[in-house]
Amino acid sequence: MKITEVTTPTPEQQRIKAMQAQVKRAQEAVKAERARQKIAAGQKQLANVKTSNSI
């Protein structure tokens, strides 16, 4: 059986990891917001088509 040394990350490494996680969350938020805006624009366009056809 082999014994391996367990090391904890340094504060600098922890900070980098936290920043990388924050960047990933921000990228996902931007992606979700773009999708939301695209859906809203499509719904608005669809509503405009429906109102122009009913006249």
Side-chain angles (χ1 to χ4, degrees):
M1 189 163 129
K2 196 182 254 188
I3 299 174
T4 59
E5 185 178 332
V6 177
T7 59
T8 58
T10 65
E12 291 84 8
Q13 290 171 332
Q14 290 174 342
R15 199 173 307 117
I16 288 173
K17 192 170 184 175
M19 286 179 178
Q20 288 172 336
Q22 184 180 6
V23 166
K24 189 172 183 175
R25 284 191 305 270
Q27 287 172 338
E28 291 296 320
V30 168
K31 186 177 177 181
E33 179 62 19
R34 283 188 178 138
R36 187 196 66 75
Q37 289 180 5
K38 193 172 185 179
I39 290 169
Q43 288 174 339
K44 184 176 180 182
Q45 186 178 16
L46 187 59
N48 287 342
V49 169
K50 284 183 179 180
T51 57
S52 66
N53 285 342
S54 63
I55 296 176

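- Note that CD1 of Ile16 and OG1 of Thr10 are 7.5 Å apart. Values are rounded to the nearest 0.5 Å.
- In this structure, Val23 and Met19 have side chains that are not in contact, with every pair of non-hydrogen atoms separated by 4.5 Å or more.
- With a 6.0 Å radius and a threshold of 12 heavy atoms from other residues, nucleotides or ligands, Gln37 has its CD atom above the threshold.
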>> For Arg36 and Glu33: C-alpha separation, side-chain torsions, deciding distance, then whether salt bridge (charged side-chain N to carboxylate O under 4.0 Å, His left out) applies.
In response: CA-CA 5 Å; Arg36 187 196 66 75; Glu33 179 62 19; 2.6 Å; yes
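- For Arg15 and Glu12, the salt-bridge test fails: no basic side-chain N is under 4.0 Å from an acidic carboxylate O.
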